[in-house]
Amino acid sequence: MDSGLTMQLPFIEPFDLVSTLESGQAHRWRKESHWYVGVIRGNLIKIKQGKFSVTFHSAPATEESIIPLISNYFRLEENLETIYMEINKDFHVASMIERYRGMRILCQEPWECMVAFICSANSNISRIGATMETLSEHFGKPITLDGITRYSFPNPYQLASATEAELRRLGLGFRAPYVAYATKAVAEGSLELETLRNFTYQEAKAKLMQISGIGPKIADCILIFSLDKLEAFPIDVWVRRALTEWYFEGRKVRDDILLQWAQQYFGPYAGYAQQYLFHGRRLQK
DNA sequence: GGTGCACCTGTTAC
DNA sequence: AGTAACAGGTGCA
């Protein structure tokens, strides 16, 4: 029953599965005994990290066939040590790197990532996950693995069958019209998310912010967590606290100024610095 | 061009 | 148990 495929650690060092999955990037991973269970692009995945290896099971795709997808999702080909050297500008970052060594930025499916972060506005981690699960159960397709059943995240056409009123009933609140509108834009082809990968950071961000419900913070989340823009630097309440307390002597500084400063200070991998500062500052509350 | 406030409603904090 | 404040922001006055 536990005869899954094993990946050896040397291949992916450093790697911290728990920090990666519990740092607020993805919202559908659930702990089931010693496994993390979630869905990646229509595949139900069980994954756990031992001392020397990472083990996973999958369905419907076989473990062997899904290695490239897993590798892409966790950015295993990325050299973290190089990135650490780039962003390690001071003892604040250094201590977070030391504490969460191996935490990786995920590469998620842009469409799902966009919906999740539109739903994140003025909400909380727990509720965002519940919302994503509700959408999946209502509009996705069931997938079963080792007796566990979860649902795929609905594609744009599946979710387009939901009316704004229905989304409100499912608990999206004031975000319902935003999700409905963004879904329509993707389903109709006026917003081509995958194309944004070829845009510059600024161009892609401007394009995303044309969508009602997507402001600078949510645009940056979509860009860093699904579109390979590692210079994106989402400024939420925790990052704002970390930056102003640690770098601006507690002064009140506008977000656009903070963003400009952070990208200049941390460089092309600023987004990685953001993730470590965010995670560290949020857990120390 | 910058600032302040309402927004749905589930969680969390007394 | 019951109530109030808050929550991974954004759009609009």
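In what follows, every chain begins at residue 1, and chains take the letters A, B, ... in the order their sequences are listed.
Taking atom CE of residue A/M114 and atom P of nucleotide C/dG9, one finds them 18 Å apart after rounding to whole Å. Atom-to-atom, OH of A/Y178 to C1' of B/dT9 comes out at 15 Å; the value is rounded to the nearest Å. Remark: P of B/dT12 and CZ of A/R282 are 12 Å apart, rounded to the nearest angstrom. Between A/N124 atom CG and C/dA7 atom P the separation is 9 Å, expressed in whole Å.
For the residue pair A/T131/A/T134, the side-chain donor-acceptor check at 3.5 Å is not satisfied.
Comparing atom distances between the A/I218 side chain and each of B/dC8, C/dT10, C/dA7 picks out C/dT10 as nearest. The side chain of A/R241 approaches C/dA7 more closely than any other nucleotide in the set C/dT10, B/dC8, C/dA7. Residue A/R254 has its side chain nearest to B/dG2 when only C/dG9, B/dG2, B/dC8 are considered.
DNA chain C is contacted by both A/M209 and A/F225; A/F225 maps to the nucleotide lying nearer its 5′ end (nearest heavy atom per residue). Closest-nucleotide positions on DNA chain B for A/A130 and A/L172 were compared, and the one nearer the 5' end corresponds to A/L172. Annotation: of the two residues near DNA chain C, A/G213 and A/R175, the 5′-most nearest-nucleotide partner is A/R175. Mapped onto DNA chain B by nearest heavy atom, A/N122 and A/S126 fall at different nucleotides, with A/N122 at the one closer to the 5' end.
Within 4.0 Å (heavy atoms only), A/I128 reaches at least one base atom of the nucleic acid.
Comparing the P positions of B/dC8 and C/dT3 gives an interatomic distance of 23 Å, to the nearest angstrom. Annotation: B/dG10 and C/dG11 have their C1' atoms spaced 22 Å apart (nearest Å).
The residues A/E81 and A/R101 are annotated as salt-bridged, a charged nitrogen and a carboxylate oxygen being separated by less than 4.0 angstrom. Ion pairing between a basic and an acidic side chain is recognised when a charged N comes within 4.0 Å of a carboxylate O; A/E245 and A/R281 show such pairing.
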Practice prompt. Please step through side chain to side chain donor-acceptor pair (under 3.5 Å) for the pair A/D90 and A/Y265, ending with a clear verdict.
Written response: CA-CA 10 Å; A/D90 55 70; A/Y265 181 68; 2.6 Å; yes

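The base of B/dC8 lies close enough to the side chain of A/R127 for a donor and an acceptor atom to sit less than 3.5 Å apart.
Nucleotide B/dA6 forms a pair with C/dT10, judged by Watson-Crick or G-U wobble geometry with both contacts under 3.5 Å.
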